[in-house]
Number of protein chains: 2
Amino acid sequence: MADSEDMFGPAIRKLERLNHLDDGDRQAVHTLDHRIETVAANHLLAAEGDIAAECFLLVDGYACRYKETSLGGRQILSFHLAGDLLNLQRLFLDRTDHSIQAISPATVARIPTAALRRIMADHPRVAEALWRDTLIEASIAREWILNVGRRTATARIAHLLCEFAARREAAGLGPPQRFELPMTQEQIGDATGLTAVHVNRKLHDLEEAGVIARLRREWTIADWHRLRRIGDFDPAYLHAAA
Amino acid sequence: MADSEDMFGPAIRKLERLNHLDDGDRQAVHTLDHRIETVAANHLLAAEGDIAAECFLLVDGYACRYKETSLGGRQILSFHLAGDLLNLQRLFLDRTDHSIQAISPATVARIPTAALRRIMADHPRVAEALWRDTLIEASIAREWILNVGRRTATARIAHLLCEFAARREAAGLGPPQRFELPMTQEQIGDATGLTAVHVNRKLHDLEEAGVIARLRREWTIADWHRLRRIGDFDPAYLHAAA
DNA sequence: CGTAGGTTTGACTGATCTCAAGTTTGGTGG
DNA sequence: CCACCAAACTTGAGATCAGTCAAACCTACG
């Protein structure tokens, strides 16, 4: 049990932020049927069109979801950190409609959707937490439509950084001012609808303006207030629990 | 009851596409607490930040959801037609995170979220239909991120037209080849991350290419196959029931 | 039949992309 | 521990797609 305690810890903490759970609820989550898998960076966890009836719990590391156009353009739809549940739409839909990829070395638990549906039926508080999680994810997706559709390149990038910092902090993974960013500039471009080249240039602008600082993969938000203003970032859409 | 039969007809048909319902389920939907409202085009039904705990059922007409940047840029997040449930995220979240507006004269039923939560608790099949509806909406939002982020102007517009035609047909509102488009070119621009001027030019391109034809507000899709290819449209993301 | 909202057109601007080198970084095997 | 390699990052020059601004022109409706 100590083992699955470790594995499900981040997820339980996330569910507790979404709804109050009692001991029975927590116990039920701990004993969820699952299969642990450790994968390298860039490993594809699920592909568009898959019919495997399972959800993923990201135990450790980072992942993203994406879709591609028929011309090969790739659009990242969301980034995920430890504790996030992925592929929840498979709970009630037949097919995975996007791909899921680890963007760092990662540990995931594959959970059969049947097990999740059972826990939802038996534990209404868990079901409500999953509802909230799904609705918050939809809210984030809407904010991304706005970001990609109506903001300038610099604003899109700044917004993405703000969101990452905020969610990372909410998940208890560390302070928002300083962190190691798991994604490459190419991935930032794929998430913001820009090219890697343009992301690079705008990142330099932000750096020269003294808003952010970078040393290798270590990022510092030098002026949070200004970054937030540049990115037009209002955390309301995260509903305080993402 | 004949009255509410009429009012809830489109919604019941939509729920039936999402999950099998029995007579009790349908009866419960028909007797849902609600308040009918008829509004003019452009009427604001809900605003970002609202705390009123109610969802909307679009009984007749068309509506859209949108967000705005602090600089005034507006991004439409989705279009809705008769039978669609709006603001479902208020079921489990405290605040409306986007605005909702009628884009044609419309009739809506305002339903207190408490009534919807009750029906979900008592009628699991209805609850599952609402789950599916929410998940499909999230899938559509992801496709929109891809559309706005990674497609050319013409493709974005073509994709939007394909989606509208497909959803309209799925809702039983008429054939996909010919329809009256409820939105203005400005609104198409707001939905695709373009300006009205550019939408106008690309629409003319599509017309000159013989892909679409317009007469006043009446649109004809002259070459569905080509429109679909131009828009990179694969209806899988609608999960056959949107 | 006047008017406001919607559409169309033209000329010009500018943000972002493309292509094509480099350069740095981090990991790996010898 | 070092040499090497692939991936990631940088930089520059030129091309292009879409935006801006401004003026007409429809057309639906009161």
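Only a predicted model underlies this, so the values are computations on that prediction, with no experimental measurement involved. Chain letters run A, B, ... following the sequence lines, proteins first and then strands; every chain starts at 1.
Following rounding to the nearest Å, A:L206 (CG) and D:dC9 (P) show an atom-to-atom distance of 15 Å. One interatomic measurement links the two molecules: CG of B:L181 to C1' of C:dT7, which rounds to 14 Å at whole-angstrom precision. Put simply, CG on B:L203 is 14 Å from P on D:dA18, counting in whole angstrom units. The nearest whole Å value for the distance from the CG atom in B:L215 to the C1' atom in C:dT7 is 14 Å. For the pair B:I188 CD1 and D:dA18 P, the computed distance is 16 Å after rounding to whole Å. Atom C1' of nucleotide D:dC9 and atom CD of A:Q187 are separated by 13 Å, given to the nearest angstrom. Between the CG atom of B:L194 and the C1' atom of C:dT16 there is a distance of 14 Å, given to the nearest Å. The separation between A:N42 atom CG and D:dA8 atom C1' is 12 Å, rounded to whole Å.
With B:R168 contributing its side chain and B:P175 its backbone, the two residues share a donor-acceptor pair below 3.5 Å. Within the 3.5 Å criterion, the main-chain N or O of B:A170 finds no donor-acceptor partner in the side chain of B:R167. Under the 3.5 Å distance criterion, the side-chain polar atoms of A:Q75 are matched with a main-chain donor or acceptor of A:A191.
Two residues are said to be in side-chain contact when any heavy atoms from C-beta on lie closer than 4.5 Å; A:K67 and A:E48 meet this criterion.
Considering only side-chain N and O atoms, A:Q185 lies nowhere under 4.0 angstrom from the phosphate OP1 or OP2 of D:dA7. A close approach under 4.0 Å does occur between a side-chain nitrogen or oxygen of B:H204 and OP1 or OP2 of C:dT9. Between B:H198 and D:dC17, a side-chain N or O to OP1/OP2 separation shorter than 4.0 Å is absent. The side chain of B:N200 places no N or O atom within less than 4.0 Å of a non-bridging phosphate oxygen (OP1 or OP2) of C:dT7.
Set against C:dT16, D:dT11, C:dT7, the side chain of B:T184 has C:dT7 as its closest nucleotide.
Ring planes of A:F8 and A:H34: perpendicular class, angle over 60° (limits at 30 and 60°). Ring-plane geometry between A:F164 and A:Y62 is classed as tilted, the angle between the planes lying from 30 to 60 degrees on a 0 to 90 degree scale.
At the heavy-atom level, B:G189 lies nowhere under 4.0 Å from the strands shown. Residue A:R214 is in sugar-phosphate contact alone, with no base atom involved, counting any heavy-atom pair closer than 4.0 Å across all strands shown.
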(message) With salt bridge (charged side-chain N to carboxylate O under 4.0 Å, His left out) as the criterion, how do A:R95 and A:D50 come out once you've worked through the C-alpha distance, each side chain's angles and the decisive distance to 0.1 Å?
(response) CA-CA 6 Å; A:R95 283 175 179 280; A:D50 275 1; over 6 Å; no
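Taking the centre and axis of the six-membered ring of A:Y66, the NZ or CZ atom of A:R74 falls inside the cone set by 45° and 6.0 Å.
Side-chain contact of A:R178 with A:T220: a donor-acceptor pair under 3.5 Å is present, judged by distance alone. Donor-acceptor pairing under 3.5 Å is recorded for the side chains of A:S139 and B:D97.
Within residues 67-76 of chain B, no residue is approached by DNA chain D to less than 4.0 Å at the level of any non-hydrogen atom.
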(message) Return a single string for nucleotides 21-30 of chain D, one symbol per nucleotide in 5' to 3' order, where B is base contact, S is sugar-phosphate-only contact and - is none, cutoff 4.0 angstrom on heavy atoms.
(response) B------S--
